[in-house]
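Beneath this line is the structure, given in structure tokens, with notes to follow.
Order of the sequence lines fixes the chain letters, A, B, ..., with proteins taken first and strands second; residue numbering starts at 1 for each chain.
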Amino acid sequence: MLFRELADTYERLEATSSRLEMTDILAEAFRRFDPSEIRMAVYLTQGQLYPDFNPLKLGMADKMILKAIAFASGAGESFVQDLMLKEGDPGIVAQKAFQNKKQTTLFSEPLTLKRTYETLEAIARSEGGGSQDLKIKLMSKLLSDASSPEAKFLSRVITGRMRLGVSSMTVLDALAVAFATKEDRDAVERAFNVSSDLGLVAEEMALHGLEGVRTIHVQVNRPLRAMLAERMSSPEEILEKMGGTCAFEYKYDGVRLQAHICKGEVRLFSRKLDELTSQFPDVVAGLKRTIRADSAIVEGECVPVDTNTGEFLPFQEVSHRRGRKYGVEEAIEDYPVKLCLFDCILKDGEDLTDRPFLQRREALMSIVEPDDSVALSEIRVLSSADEAQAFFQEAIKDGCEGLMAKSVAETSVYRAGNRGFLWIKYKKEYRSEMNDTVDLVVVGAFAGRGKRKGFYGALLMATYDPEADRFETVSKLGSGFDDANLAAILEMLSPDRIPEKHHLVDSKMEADFWFSPRLVLEVRGAEITLSPIHTCSFGSVRPDSGLAIRFPRFTGRFRDDKEGREATTSQELLAMYQAQLKRVE
DNA sequence: TTTGGCTGCCC
DNA sequence: ATTCTGC
DNA sequence: GCAGAATGGGCAGCCAAA
């Protein structure tokens, strides 16, 4: 099969915004494709090469694809970079760069899907000295042999942003339509949630239809897609949604872990299904001590703790553990963690995903003998908003983000991979009265990409230090803008544009555009963190660290009443940091 | 040998 | 992570 | 309300450049 066929399908998908139409386009394509090639096609459609749990990664993204485009098209690197700023999409950049190319590649062999995919695999496999050069060469060869639409989508696969309006849920719709019926969609989705491998599901559907997919079951050492939650900002609202009663549970601020236990062996997986076993040997040992089952899949939050006081520490602490390959033993000492278990997905070989939540909780309690390092999450079944609010306050006092609310209805199954209102998170920062906003000055901006093309994708925000008369960066800001905001901000900032960084601005970050510090926006965040890159109150808490805002977003409020020097001061931000319960010392 | 850009993945 | 938008 | 696509801070590792 030619890659061209897939690219043409992508063109048609891109041209519509109707999901029904996308489903039809995809279903028609899936029926047409040879079953032996559908797997590759499905991964590429997700902007991936493999399912999430495969540790092999492309190791090539935004910057490298631009180099490959420059190399293959003969355009200069700076030309390609400028084009990227303007177009906001590496696919369009590839197309435009090749328009100007002198010699055409009319005589090249058409790209087959197989060759395309195998070249991408070669890019993923290449490592060590000279590997970046090799990746660029391999990609550039593909681009040289590609037609314009092929080049576009090849470039987008590299960045993992296909921008088709199609993702896994639409692929599942299409698989059901193509190889079974719409009514069978749930079975298809379940196979995906349980196997975490859309390519496998597609291949099974193409080869054996629903029968194939029915052979896919929950299995130890095969991570399943994590169940996710919606958000709400009051216990009243939550209780109403949950039908009057639900379980409230501490929401710990750590790393989510899915632990697979079989005959004394333990493997750990992250929310995105990366294997974390080697990074948390202490947790592995803890589970071996505390779990009493031949086989089990349990889930919990891995939270940084102070081993002397038992108190929870900031998220940043456990970040030092994640992804670590070297110095793991030292890191266990320096950044100890506690695993707070909250669910049981499989027990002694039995799949519990279809059981109501409280049954799973009982199963969990029946196999865990908690100790200092492996605990059960704090949980209460409540029907009163007042009691829920009191429990919420306890959670905050104990250093948690807030509460999770979990349905206890008969229908409260473990819905892998699905958002939905079986689980709802209720965080401190959702309550405006418990979460201060800050007024920050725009000092710079970054070119928008994708649907933000032609606008600023994000702004560079600063506090004011009146002692030094300096503006110090504290955060980028790219969330909370609606379409009207984006257009308005573009206009509002145009008189402030300056060619270089303003002389009163302290920034280690290089923005695409710079402004005189004048426009003030109201910003909400979850908390203040220590930052290696932002300059706000730099050195005040720790040498070589400034302050930054975690989860920053625009509240929608323009502070037209303020000028630049009336922004929140760096000293005020420092005071807010020091007033926080959890601080890195 | 050190530094810094880039990537991927936690939240 | 949060947020917005078209369906 | 779902699904998708914009966007954040910050960490470790890899590789190339200094």
Open item on the list: Quick check on the 6.0 Å ring-centre criterion: do Phe312(A) and Tyr250(A) meet it?
Closed with: no
Open item on the list: Between Lys137(A) and Asp133(A), is the salt bridge (Lys or Arg N to Asp or Glu O under 4.0 Å) condition met? List the steps.
Closed with: CA-CA 6 Å; Lys137(A) 294 260 165 54; Asp133(A) 207 44; 3.0 Å; yes
Task: Sole residue of Lys428(A), Lys427(A), Glu429(A), Arg524(A) in side chain to side chain donor-acceptor pair (under 3.5 Å) with Asn435(A) - done: Arg524(A)
Open item on the list: For a quick check of understanding: with a heavy-atom distance under 4.0 Å over all strands, which category does Gly129(A) fall into, base, sugar-phosphate or nothing?
Closed with: sugar-phosphate
Open item on the list: Of the listed nucleotides (dC10(B), dT7(B), dA16(D)), which one gets closest to any side-chain atom of Phe315(A)?
Closed with: dC10(B)
Task: Interatomic distance at C1', dG4(B) relative to dT5(C), whole Å - done: 39 Å
With 3.5 Å as the limit, what N/O pairs link the protein to nucleotides 3-7 of chain C?
residue, atom, partner, partner atom, Å
dT3(C), OP1, Arg553(A), NE, 2.8
dT3(C), OP2, Arg231(A), NH1, 3.0
dT3(C), O4', Ser479(A), OG, 3.1
dC4(C), OP1, Gly480(A), O, 3.3
dT5(C), OP1, Asp483(A), N, 3.0
dC7(C), OP1, Ser17(A), OG, 2.5

Task: Stepwise side-chain hydrogen bond (donor to acceptor under 3.5 Å, both in side chains) test for Ser131(A) and Ser126(A) - done: CA-CA 5 Å; Ser131(A) 62; Ser126(A) 86; 4.9 Å; no
Task: Under 4.0 angstrom between Gln316(A) side-chain N/O and dC11(D) OP1 or OP2 - done: yes
Open item on the list: Just the rounded figure in Å: distance from C1' of dG8(B) to CD of Gln279(A).
Closed with: 12 Å
Open item on the list: Please report the distance, rounded to the nearest Å, between CD in Glu127(A) and P in dG8(B).
Closed with: 14 Å
TODO: Quickly, which of Leu459(A), Thr437(A), Leu440(A) forms a side-chain contact (heavy atoms from CB on, under 4.5 Å) with Leu521(A)? Name it, please.
DONE: Leu459(A)
TODO: Go through dC2(D), dT7(B), dG8(D) for me and flag the one nearest to the Ser475(A) side chain.
DONE: dG8(D)
Open item on the list: Any base atoms under 4.0 Å from Leu276(A), or only sugar-phosphate, or nothing? Heavy atoms, all strands.
Closed with: sugar-phosphate
TODO: Would you kindly compare Ile533(A) and Asp173(A) by the position of their nearest DNA chain D nucleotide and give the one closer to the 5′ end?
DONE: Asp173(A)
Open item on the list: Output the rounded distance in Å from CD1 (Ile549(A)) to C1' (dA1(C)).
Closed with: 15 Å
Open item on the list: Rounded to whole Å, how long is the line connecting atom CG of Asp253(A) with atom P of dA1(C)?
Closed with: 9 Å
Open item on the list: It should be established whether Ser168(A) places a side-chain nitrogen or oxygen under 4.0 Å from OP1 or OP2 of nucleotide dA3(D).
Closed with: no
Open item on the list: Could you tell me if the side chain of Ile332(A) sits less than 4.5 Å from the side chain of Pro281(A), heavy atoms only?
Closed with: yes
TODO: Could you check whether Arg449(A) gets within reach of a base, just the sugar-phosphate, or nothing at all, counting any heavy atom under 4.0 Å?
DONE: sugar-phosphate
Open item on the list: Please tell me if Lys453(A) has a side-chain N or O lying less than 4.0 Å from either OP1 or OP2 of dA5(D).
Closed with: no
Open item on the list: For DNA chain D, which residues of residues 323-338 of chain A approach it to below 4.0 angstrom with any heavy atom?
Closed with: Gly323(A), Arg324(A), Lys325(A), Tyr326(A)
TODO: Report yes if at least one side-chain N or O of Thr529(A) is closer than 4.0 Å to OP1 or OP2 of dG10(D); otherwise report no.
DONE: yes
- [ ] Report which part of the nucleic acid Lys241(A) touches: base, sugar-phosphate, or nothing (heavy-atom distance under 4.0 Å, all strands).
- [x] sugar-phosphate
Open item on the list: I need the CZ-P distance between Phe446(A) and dG9(D), as an integer number of Å.
Closed with: 8 Å
Open item on the list: Check the phosphate of dA12(D) against Arg321(A), side-chain N and O only, distance under 4.0 Å to OP1 or OP2. Yes or no?
Closed with: no
- [ ] Please report the C-alpha distance between Tyr335(A) and Ser319(A) in whole Å, then the side-chain angles of each, then the deciding distance to 0.1 Å, and finally whether the side-chain hydrogen bond (donor to acceptor under 3.5 Å, both in side chains) criterion is met.
- [x] CA-CA 9 Å; Tyr335(A) 311 106; Ser319(A) 294; over 6 Å; no
TODO: Please work out if Arg322(A) contacts a base, only the sugar-phosphate, or nothing of the nucleic acid, heavy-atom cut-off 4.0 Å.
DONE: base
Open item on the list: Using the side-chain heavy atoms of Ala61(A), tell me which of these nucleotides is nearest: dT7(B), dG8(D), dC2(D).
Closed with: dT7(B)
Open item on the list: Under 4.0 Å, heavy atoms only, any strand: does Lys508(A) hit a base, just the sugar-phosphate, or nothing?
Closed with: nothing
- [ ] Show your working on salt bridge (Lys or Arg N to Asp or Glu O under 4.0 Å) between Arg256(A) and Glu299(A) and close with a plain yes or no.
- [x] CA-CA 8 Å; Arg256(A) 189 157 170 181; Glu299(A) 204 172 16; 2.8 Å; yes
- [ ] Return the minimal non-hydrogen interatomic distance between Leu573(A) and Val438(A), and the atom names on each side.
- [x] CD1-CG1, 3.7 Å
- [ ] Compute whether any side-chain donor of one residue and acceptor of the other, for Tyr414(A) and Asp343(A), lie under 3.5 angstrom apart.
- [x] no
Task: Whole-Å gap separating P (dC10(B)) and CD (Glu401(A)) - done: 16 Å
Task: Of the listed nucleotides dT7(B), dC11(D), dG4(D), the one nearest the side chain of Pro532(A) - done: dC11(D)
Task: Proximal nucleotide (of dC9(B), dA6(D), dG9(D)) relative to the Lys476(A) side chain - done: dG9(D)
Open item on the list: Taking Phe421(A)'s backbone N and O only, do any of them form a donor-acceptor pair with Glu230(A)'s side chain (distance below 3.5 Å, no angle check)?
Closed with: no
TODO: Pick base, sugar-phosphate or nothing for Val318(A), based on heavy-atom distances below 4.0 Å to the nucleic acid.
DONE: nothing
Task: Within residues 86-93 of chain A, residues whose heavy atoms come under 4.0 Å of DNA chain C - done: none
TODO: Would you kindly compare Gly546(A) and Met169(A) by the position of their nearest DNA chain D nucleotide and give the one closer to the 5′ end?
DONE: Met169(A)
Open item on the list: Is Lys135(A) close enough to dA16(D) that one of its side-chain N or O atoms is under 4.0 Å from OP1 or OP2 there?
Closed with: no
TODO: Provide, to the nearest angstrom, the distance between the CZ atom belonging to Arg161(A) and the C1' atom belonging to dA6(D).
DONE: 8 Å
Open item on the list: I need the Asp439(A) CG to Arg557(A) CZ distance, nearest 0.5 Å.
Closed with: 7.0 Å
- [ ] Would you mind reading off the distance between His320(A) atom NE2 and dG10(D) atom P, rounded to a whole angstrom?
- [x] 11 Å
Open item on the list: Please confirm whether the shortest side-chain N or O distance from Arg452(A) to OP1 or OP2 of dG8(D) is below 4.0 Å.
Closed with: no
TODO: Compute both the distance and the angle, then confirm whether Arg550(A) meets the cation-pi test with Phe315(A): under 6.0 Å from the six-membered ring centre, within 45 degrees of the axis.
DONE: yes
- [ ] Could you check whether the rings of Phe481(A) and Phe554(A) sit parallel, tilted or perpendicular, using 30° and 60° as the cut-offs?
- [x] tilted
